[in-house]
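Position 1 is the first residue of the sequence, and the numbers go up from there. When a ligand or atom number is given, it counts from 1 through the structure's own listing order.
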Amino acid sequence: MGGRAGFFEGRYFLKPNLFSLGKDLVGLEDLSTDQIVTVLDTAEAFKEISERQIKKVPVLRGKTIVNLFFEPSTRTKISFEFAEKRLSADTVSISSVGSSVSKGETLVDTARNLEAMKIDMVVIRHGSSGAAKFLGERIPSNVINAGDGSHEHPTQGLLDALTIRDHLGSFDGLKVCIIGDVLHSRVARSNIHGLIKLGASVGVCGPYTLLPADVEKMGVRVFSRIEEAIEWSSVLNVLRLQLERMHSGYIPSLREYNQKWGLSKQRLELGSDELLVLHPGPMNRGVEIDSDVADGQNSVILEQVTNGVAVRMAVLYLLSGGTPETAESAKGVN
Ligand code: CP
């Protein structure tokens with residue numbers, strides 16, 4: 001489908017066509033507004049496949065995809081696997097535990113050995129920022145970033161945008177505030193890059209210790225009080241406290257964090273009745289979000305998870321050379 005042959009470290013690979021995302025999906029910082037909208041529109045077309053009784057189309061038949069998950073994951077890993085299987089790709093999933101990574105094999109050696117078995121794509125989650133880009137520059141297979149350290153989580157940013165678009169239609173005039181541990185959050189970075197490109201105003205709110213230095217330079221408004229952020233917003237994206245990435249005292253205690261920064265039902269009432277509440281998961285109920293908000297009528301958290309499968313199908317399809325124009329006919333073939 002529509003690619004041009006190019007040369008990559010001694011091997012030929014397909015260069016992007018006009019609709020393509022390029023060879024790899026590393027972050028939303030690298031995508032144009034048109035490319036982001038293309039993914040959202042293609043995901044919209046693919047949603048219906050997951051509603052079928054037989055959730056399978058032959059779009060990626062013959063493609064081999066490896067999911068390399070070197071950090072824990074429930075939503076991202078399983079939705080990539082579902083997306084791959086629903087598009088008929090052959091897939092294997094590998095984690096550091098149980099693979100030769102635990103014996104000291106490097107990321108590139110692991111990937112090159114997989115390449116030797118003739119694969120087409122790698123989905124990678126890694127604890128180091130930059131791991132996806134690093135790998136993409138060293139192997140000819142398409143590489144998709146499923147979250148790298150505190151850098152980006154592009155498919156999460158895309159599924160968040162799709163969920164917002166489903167409910168509110170347009171990003172023009174929209175005010176989205178990201179609340180909590182922005183400092184350690186790859187989700188926050190992908191949201192900021194993606195939503196600003198789509199035309200939304202983006203705010204961040206949290207303790208100063210959990211906001212990146214010079215975060216204003218990313219084009220966001222900074223709120224020091226959650227109450228003010230709620231009153232300003234049409235959408236709240238609440239982040240998990242990433243305690244596993246905190247190596248010093250960023251907050252006094254979880255209880256105090258909840259009291260000052262937690263999204264409670266009482267606080268939510270400061271916003272409009274239509275305020276959307278997103279959370280990328282996994283949630284720490286009673287810390288950054290209370291259960292009656294997470295499960296309440298403003299929450300679209302499980303819709304985010306549903307949209308994750310469609311967005312990942314769209315990314316896999318577009319990276320393999322598909323175009324939005326061919327999506328409808330591709331998914332119609334049984
Ligand atoms: N949102 C997200 O990345 O969740 P997982 O860590 O479960 O994949």
Side-chain angles (χ1 to χ4, degrees), residues 25-29 39-40 43 50 65-86 91 93-97 121-132 143-164 166 176 178-195 206 210 235-246 263 276-285 287-289 293-295 299-316:
L25 177 61
V26 169
L28 299 191
E29 185 174 13
V39 180
L40 302 188
S50 296
I65 304 176
V66 177
N67 302 303
L68 285 178
F69 275 73
F70 295 145
E71 272 196 336
S73 169
T74 298
R75 281 146 290 270
T76 312
K77 179 169 182 282
I78 292 173
S79 67
F80 263 113
E81 288 181 7
F82 279 151
E84 291 155 5
K85 289 178 199 305
R86 288 176 194 179
T91 73
S93 294
I94 301 169
S95 60
S96 37
V97 179
M121 288 191 190
V122 175
V123 177
I124 179 168
R125 168 165 290 193
H126 201 283
S128 299
S129 300
V143 173
I144 302 174
N145 182 6
D148 61 331
S150 301
H151 172 230
E152 278 223 40
H153 190 348
T155 55
Q156 180 71 46
L158 291 163
L159 73 89
D160 291 345
L162 184 61
T163 308
I164 293 169
D166 283 351
V176 182
I178 302 165
I179 298 179
D181 184 359
V182 179
L183 179 67
H184 298 104
S185 177
R186 51 199 178 208
V187 174
R189 274 166 196 75
S190 290
N191 265 259
I192 292 169
H193 290 305
L195 291 169
L210 292 179
V235 178
L236 301 175
N237 200 348
V238 185
L239 302 176
R240 179 175 72 88
L241 275 184
Q242 299 197 31
L243 297 171
E244 74 277 17
R245 297 192 210 277
M246 295 185 193
L263 187 59
L276 288 188
V277 175
L278 285 78
H279 191 305
M283 286 185 281
N284 289 314
R285 290 171 182 260
V287 180
E288 71 270 3
I289 190 166
V293 177
D295 304 328
S299 169
V300 292
I301 293 169
L302 291 178
E303 290 176 43
Q304 290 173 264
V305 178
T306 303
N307 279 340
V309 178
V311 157
R312 287 163 182 136
M313 281 175 155
V315 167
L316 293 164

query: Under 4.0 Å from any heavy atom of His153, which atoms of ligand 1 are there?
result: 2 (C), 3 (O)

- prompt: Does one side chain, of Ser129 or Asp148, offer a donor that lies under 3.5 Å from an acceptor on the other?
  reply: no

field: Criterion side-chain contact (heavy atoms from CB on, under 4.5 Å) on Ile179 and Glu288, from CA distance to verdict
entry: CA-CA 9 Å; Ile179 298 179; Glu288 71 270 3; over 6 Å; no

message: As a check for students: among Ser73, Gly147, Pro72, identify the option with a heavy atom nearest to atom 8 (O) of ligand 1.
response: Ser73

- request: Kindly indicate, with the supporting measurements, whether the criterion side-chain contact (heavy atoms from CB on, under 4.5 Å) is fulfilled by Asn67 and Glu84.
  value: CA-CA 10 Å; Asn67 302 303; Glu84 291 155 5; 2.7 Å; yes

- request: Might you point out which heavy atoms bring Leu239 and His279 nearest each other, and give the distance in Å?
  value: C-NE2, 4.0 Å

- request: Check each of Thr76, Val39, Ile144 against Arg312 using the side-chain contact (heavy atoms from CB on, under 4.5 Å) test, and report the only one that passes.
  value: Thr76

- request: Examine Lys77 against ligand 1 and note whether any of their N/O atoms are separated by less than 3.5 Å.
  value: no

query: Has ligand 1 got any nitrogen or oxygen that is less than 3.5 angstrom from a nitrogen or oxygen of Pro280?
result: yes

query: What is the closest protein heavy atom to atom 2 (C) of ligand 1, and at what distance does it sit?
result: Thr76 OG1, 3.5 Å

message: Judged on heavy-atom distance to atom 6 (O) of ligand 1, which of Glu71, Arg125, Arg75 sits nearest?
response: Arg125

Numbered atoms of ligand 1 (with element) below 4.0 Å of Gly281, judged on heavy atoms: 1 (N), 2 (C), 4 (O)

Worked verdict on Glu152 versus Ser190 for side chain to side chain donor-acceptor pair (under 3.5 Å): CA-CA 5 Å; Glu152 278 223 40; Ser190 290; 2.5 Å; yes

message: Is the shortest side-chain heavy-atom distance between Leu25 and Asn145 below 4.5 Å?
response: no

- line: ligand 1 to Thr74, heavy atom cutoff 4.0 Å, flagged ligand atoms 5 (P), 7 (O), 8 (O)

message: List ligand 1 atoms under 4.0 Å from Gln156, heavy atoms only on the residue side.
response: 1 (N), 2 (C)

